[in-house]
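For reference, the structure discussed in these notes is given below.
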Amino acid sequence: MERAQDGGTGPDEESLLWTVAAAMRRLSPHASMAQIAREAGLTPAALFRRFPTPDLLHDRLAEAFYDRLLAHLQQTFSLPVERQLDHFLHTVGLHLALSHGVLPHPFGLMASPDQRERVYEATTRLLDQGRRAGVISPDVALSDIATVIWGLRGVVATTDTVAPGAWERLLDIAVAGLKNPALTFTRPPLSTEALDRVIHRPA
């Protein structure tokens with residue numbers, strides 16, 4: 001890692017981003033770029049050279065979090081079908097927890113349209129396989145998965161500094177419900193159009 005100097009090759013951008021993200025989690029959400037740089041073991045000039053503005057840094061961090069989520073999501077399909085939903089949602093929860101306090105908005109809201117569409121497609125495939133195998137309730141829809149993720153996001157935001165793992169208990173409850181063949185709903189699922197409007201709503 002580039003340590004308190006402006007010269008040298010320095011780390012590749014992805015390694016640098018994760019180093020910076022770890023530093024940001026240790027600092028106040030209102031920390032300056034200079035404070036972030038020092039916490040990450042960089043000079044401010046070295047950080048500004050890669051990311052001239054906080055907005056650019058946040059955009060690249062969001063992209064990196066989402067790319068890592070997509071990579072993990074593809075690995076999910078190598079697991080037995082009965083474990084896929086649990087693994088996917090736990091991976092999302094970890095990304096929500098790790099990015100909280102780093103990004104100004106949830107990383108999913110900062111994703112590109114292409115990234116979001118790829119997650120939609122993979123989640124739809126996961127649900128189709130699970131329903132056909134009888135390990136996910138037949139009435140579970142794509143928007144129900146989004147609702148669970150919104151719930152996880154709320155628990156992460158509420159408990160992060162006090163009980164950072166509390167979201168995992170909510171996930172256990174949610175997954176048990178989604179896998180329950182007797183699960184019934186009091187309302188229909190959100191349509192794809194409504195789901196898109198919710199996700200694209202300004203933060």
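Numbering starts at 1 and runs along the sequence shown.
- Ring orientation note: the planes of His95 and Phe107 are tilted relative to one another, at an angle of 30° to 60°.
- The side-chain heavy atoms of Val135 and Leu85, taken from C-beta on, include no pair separated by under 4.5 Å.
- Rounding to the nearest 0.5 angstrom, the gap separating the CD atom in Glu14 from the OG1 atom in Thr19 is 10.5 Å.
- Among residues at least two apart or in separate chains, side chain to side chain donor-acceptor pair (under 3.5 Å) pairs with a member in residues 130-154 are Asp128-Arg131.
- The residue from Thr123, Leu70, Leu69 that alone fulfils the side chain to side chain contact (heavy atoms under 4.5 Å, CB included) condition with Arg118 is Leu70.
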Item to complete: Kindly determine whether Phe51 and Glu13 satisfy side chain to side chain contact (heavy atoms under 4.5 Å, CB included), including the steps that lead there.
Response: CA-CA 10 Å; Phe51 310 105; Glu13 184 172 291; 4.0 Å; yes

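- Ion pair Arg60/Glu63 flagged as a salt bridge, since at least one NZ, NE, NH1 or NH2 atom sits closer than 4.0 Å to an Asp/Glu carboxylate oxygen.
- Placement of Leu73 and Leu79 in two distinct hydrophobic clusters is found when ILVMFWY residues are connected by side-chain heavy-atom separations under 4.5 Å, directly or transitively.
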Worksheet item: Could you walk me through whether Leu17 and Leu57 pass the side chain to side chain contact (heavy atoms under 4.5 Å, CB included) check?
Response: CA-CA 8 Å; Leu17 282 168; Leu57 174 59; 4.1 Å; yes

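- Between Leu178 and Leu89, some side-chain heavy-atom pair lies under the 4.5 Å cut-off.
- The list of ring-ring contact (aromatic ring centres under 6.0 Å, His included) pairs with a residue in residues 155-190, not counting sequence neighbours, reads His90-Trp167.
- In this structure, Pro44 and Met33 have side chains that are not in contact, with every pair of non-hydrogen atoms separated by 4.5 Å or more.
- With a 4.5 Å cut-off on side-chain heavy atoms, Leu171 and Asp86 do not count as touching.
- With rounding to the nearest 0.5 angstrom, the CG atom of Leu27 is 4.5 Å from the CD atom of Glu39.
- The CZ atom of Phe77 lies 8.5 Å from the CZ atom of Phe88; values are rounded to the nearest 0.5 Å.
- Closest non-hydrogen pair, Gln74 versus Ala122, comes out as NE2-CB, 4.2 Å.
- Within the 4.5 Å cutoff, side-chain heavy atoms of Met24 are placed close to those of Leu61.
- The neighbour count for Arg83 CZ, taken as heavy atoms of other residues, nucleotides or ligands under 6.0 Å away, does not exceed 12.
- With contacts defined as side-chain heavy-atom distances shorter than 4.5 Å, the pair Asp12/Leu16 does not qualify.
- Inter-residue side-chain proximity for Leu195 and Ser191 is flagged as unmet; no heavy-atom pair is nearer than 4.5 Å.
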Item to complete: Decide side chain to side chain donor-acceptor pair (under 3.5 Å) for His72 and Thr91; before the verdict, give the C-alpha distance in whole Å, the side-chain angles of both, and the deciding distance to 0.1 Å.
Response: CA-CA 7 Å; His72 288 153; Thr91 299; 5.2 Å; no

Practice prompt. Test side chain to side chain contact (heavy atoms under 4.5 Å, CB included) on Leu127 and Thr124 and set out the steps.
Written response: CA-CA 5 Å; Leu127 288 177; Thr124 299; 5.8 Å; no

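- Side-chain contact between His100 and Leu96 is absent, with no heavy atoms from C-beta onward closer than 4.5 Å.
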Practice prompt. For the pair Arg125 and Glu121, evaluate side chain to side chain contact (heavy atoms under 4.5 Å, CB included) and give the outcome as yes or no after the intermediate values.
Written response: CA-CA 6 Å; Arg125 176 184 167 194; Glu121 291 173 356; over 6 Å; no

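- Between the CZ atom in Arg25 and the OG atom in Ser99 there is a gap of 8.0 Å [rounded to 0.5 Å].
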